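Quick caveat, the model's predicted, so the values are computed rather than measured.
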Amino acid sequence: VAAQDADLDGTQTVRFSLASNTAAFTIDAVTGQIETRAPLDREAAAVYDVVVVAQDVGLGETMASNTTVRVQVDDVNDNNPVITGVPEVVEVLEDAAVGTTLLTVSATDADAGENAQVVFSLLGASSGSSDALAINSSTGAVVLQRALDREQLATLPFTVVVQDEG
């Protein structure tokens with residue numbers, strides 16, 4: 001931040017201070033440079049309005065002015081997606097039609113923008129069951145891809161993986 005004192009009395013020195021958000025920021029009283037006191041977390045606060053006071057150091061009455069500096073915190077990919085509300089076991093009848101949705105996986109990510117967009121995939125489908133299931137990478141819907149035969153394969157163990165796009 002920069003400020004000038006137009007007084008002609010030889011006391012054009014200006015000192016800076018903060019009137020708000022002193023927990024997150026500090027200001028150099030001489031240069032007006034604003035710095036963070038600690039790393040900022042966009043998930044805790046995405047925007048800070050920092051009120052800066054510029055005060056002259058005159059001999060008589062001192063004068064002051066203030067301005068607001070808006071600090072917008074950009075997101076970094078610092079949160080993992082979280083899968084919610086998925087049962088550990090899903091039962092399906094062996095005569096379920098191909099295309100049947102067995103479950104839909106939900107996930108959230110506390111980041112913003114692209115860092116919060118999630119993609120679903122299947123991992124670890126067992127031998128013989130790898131072609132039985134598919135997952136919609138956008139919606140998380142797990143779908144039956146082929147007819148089932150309980151006598152050949154009684155269980156279809158699989159793992160849903162969710163990744164963010166950040």
Side-chain angles (χ1 to χ4, degrees), residues 1-90 100-125 130 133-143 145 156-166:
V1 179
Q4 294 179 349
D5 183 353
D7 288 342
L8 300 176
D9 63 1
T11 59
Q12 292 90 5
T13 303
V14 176
R15 294 290 183 249
F16 299 95
S17 62
L18 296 180
S20 68
N21 288 328
T22 56
F25 299 94
T26 185
I27 191 167
D28 184 291
V30 176
T31 66
Q33 182 171 332
I34 299 171
E35 295 182 354
T36 58
R37 290 183 186 266
L40 303 177
D41 183 5
R42 189 213 50 89
E43 288 78 27
V47 175
Y48 294 87
D49 288 327
V50 181
V51 179
V52 177
V53 178
Q55 185 169 4
D56 69 5
V57 187
L59 295 174
E61 178 184 353
T62 61
M63 303 292 287
S65 177
N66 65 23
T67 190
T68 301
V69 176
R70 176 161 278 192
V71 177
Q72 183 169 333
V73 182
D74 289 336
D75 188 48
V76 295
N77 192 16
D78 60 345
N79 290 287
N80 291 323
V82 176
I83 296 175
T84 56
V86 176
E88 288 191 29
V89 176
V90 177
T100 299
T101 298
L102 304 181
L103 79 147
T104 300
V105 179
S106 297
T108 58
D109 190 314
D111 291 316
E114 186 176 276
N115 295 334
Q117 299 298 315
V118 295
V119 176
F120 300 93
S121 61
L122 292 179
L123 177 72
S130 60
L133 303 174
I135 191 166
N136 182 304
S137 63
S138 300
T139 67
V142 178
V143 178
Q145 288 293 102
L156 295 170
F158 65 94
T159 301
V160 174
V161 177
V162 62
Q163 294 178 304
D164 60 38
E165 299 257 23

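- When all heavy atoms of Leu102 and Val90 are compared, the closest pair comes out as O-CG1, 3.6 Å.
- Side-chain contact between Thr62 and Val57: absent, with no pair of heavy atoms (C-beta onward) separated by less than 4.5 Å.
- Between Asp28 and Phe16, the closest heavy-atom pair is O-CB, 3.9 Å.
- Inspection of the Asn79 and Asp109 side chains reveals no N or O donor paired with an N or O acceptor under 3.5 Å.
- Side-chain N or O atoms of Arg37 include one that pairs as donor or acceptor with a backbone N or O of Phe25 at under 3.5 Å.
- When each of Asn66, Thr68, Ile27 is paired with Val52, the side-chain contact (heavy atoms from CB on, under 4.5 Å) condition holds for Ile27 and for no other.
- Taking all atoms of both residues into account, the shortest heavy-atom contact from Arg42 to Asp74 is CB-O, 4.1 Å.
- Residues meeting the side chain to side chain contact (heavy atoms under 4.5 Å, CB included) test with Ser138, sequence neighbours left out: Asn136.
- Val30 is listed as a side-chain neighbour of Arg15, based on a closest heavy-atom distance under 4.5 Å.
- Between Gly166 and Asn115, the shortest heavy-atom distance links the atoms CA-OD1, 3.0 Å.
- Minimum heavy-atom separation, Val14 to Ala3: CG1-CB, 4.0 Å.
- Closest non-hydrogen pair, Ala45 versus Val73, comes out as O-CG2, 3.8 Å.
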